Amino acid sequence: MEDTNCLFCKIIAGEIPSSMVYEDELLVAFKDINPKANVHILIVPRKHIADNNAYSASEDAEIAARLFEVAPKIAKEQGIFESGYRLVMNTGKDGRQEIQHLHMHLLGGNLLSV
Ligand code: 5GP
Ligand code: ZN
């Protein structure tokens, strides 16, 4: 399942250190190394899926459901449940996707401008 050249697979395997804030059997979540907001967490499936285009509705439905379930839980733990937050998934070149392993950004703690 692991892609040996993938940075996020290495973080999930514990080969590269990260500040983990959440782990279950499907997902992990850790702090972004270069935060764009006061709170910036990456929620990442353990399974290597390159991006939203590679997501399989039949195989990966549990992962998508879990992402929606876990994001507000982490927002609560991070103290931004009430104040609000953004969930962002970048895809491809024009989407400015830097890491080719599906992930959801959880951003909050201050007003965000796009
Ligand atoms: P993308 O542009 O692919 O949606 O977002 C990738 C994110 O991963 C960026 O916000 C970037 O700061 C973050 N990132 C890149 N390398 C590392 C790393 O080694 N550790 C952590 N925690 N985050 C990283
Ligand atoms: Zn990966």
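Each ligand, and each atom within it, is numbered from 1 in the order the structure gives. These figures come from a predicted structure and were not determined experimentally.
- Counting the atoms of ligand 1 from 1 in the order shown, those under 4.0 Å from a heavy atom of Ile11 are 20 (N).
- In summary, the atoms of ligand 1 found under 4.0 Å from a heavy atom of Phe8, numbered by their order in the structure, are 8 (O).
- Exactly one of Ile11, Ile43, Ile12 qualifies for a side chain to side chain contact (heavy atoms under 4.5 Å, CB included) with Val28. That residue is Ile12.
- Not a single heavy atom of Val88 sits closer than 4.0 Å to an atom of ligand 1.
- In terms of polar-atom proximity, Gln97 is not counted as a contact of ligand 1, lacking any N or O under 3.5 Å from an N or O of the ligand.
- In terms of N/O distances under 3.5 Å, ligand 1 is not approached by Leu7.
- For Lys31, the NZ atom counts as loosely surrounded, since its 6.0 Å shell holds 12 or fewer non-hydrogen atoms of other residues, nucleotides or ligands.
- Residue contacts with ligand 1: Ser18 is placed with no nitrogen or oxygen under 3.5 Å of a nitrogen or oxygen of the ligand (distance criterion only).
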Practice task
For Thr91 and Asp51, run side-chain hydrogen bond (donor to acceptor under 3.5 Å, both in side chains): C-alpha distance rounded to whole Å, both residues' side-chain angles, the deciding distance at 0.1 Å, then the answer.
Solution key: CA-CA 6 Å; Thr91 306; Asp51 59 22; 6.0 Å; no
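- Among protein heavy atoms, atom 2 (O) of ligand 1 sits closest to Arg96 O, 2.9 Å.
- Nearest N/O/S atom of His101 with respect to the Zn ion (ligand 2) is recorded as ND1.
- Not a single heavy atom of Gln100 sits less than 4.0 Å from an atom of ligand 1.
- Note that CD of Glu25 and CD of Glu62 are 7.0 Å apart. Values are rounded to the nearest 0.5 Å.
- Residue Asn110 holds its CG atom at 9.5 Å from OG of Ser83, rounded to the nearest 0.5 Å.
- By the 3.5 Å distance cut-off applied to N or O atoms, Phe30 is not counted among the residues near ligand 1.
- Heavy atoms of other residues, nucleotides or ligands lying less than 6.0 angstrom from NZ of Lys36 number more than 12.
- Looking from atom 23 (N) of ligand 1 to the surrounding protein, the closest heavy atom is Ile33 N, 3.3 Å.
- Set against the non-hydrogen atoms of Asn90, the atoms of ligand 1 under 4.0 Å away are 1 (P), 2 (O), 4 (O).
- Summary of contacts: the protein heavy atom closest to atom 1 (P) of ligand 1 is His103 NE2, 3.2 Å.
- Counting atoms of ligand 1 from 1 in the listed order, those under 4.0 Å from a heavy atom of Asn34 are 12 (O).
- Between His103 and Phe8, the angle of the ring planes goes over 60°, which puts this pair in the perpendicular group of the 30/60° scheme.
- Under a 4.0 Å heavy-atom criterion, Met89 is not in contact with ligand 1.
- Between His105 and ligand 1, at least one N/O pair is under 3.5 Å apart.
- Residue Glu98 has at least one heavy-atom neighbour below 4.0 Å for each of these atoms of ligand 1: 1 (P), 2 (O), 3 (O), 9 (C), 15 (C).
- Each of Leu107, Ile80, Ile74 was scored for a side chain to side chain contact (heavy atoms under 4.5 Å, CB included) with Val39, with one residue passing: Ile80.
- Across all their heavy atoms, Leu27 and Ile63 have their closest contact at CD2-CG2, 4.3 Å.
- Its N, O or S atom nearest to the Zn ion (ligand 2) is what matters here, and for His48 that atom is ND1.
- Annotation for ligand 1: atoms under 4.0 Å from non-hydrogen atoms of Lys36 are 9 (C), 10 (O), 12 (O).
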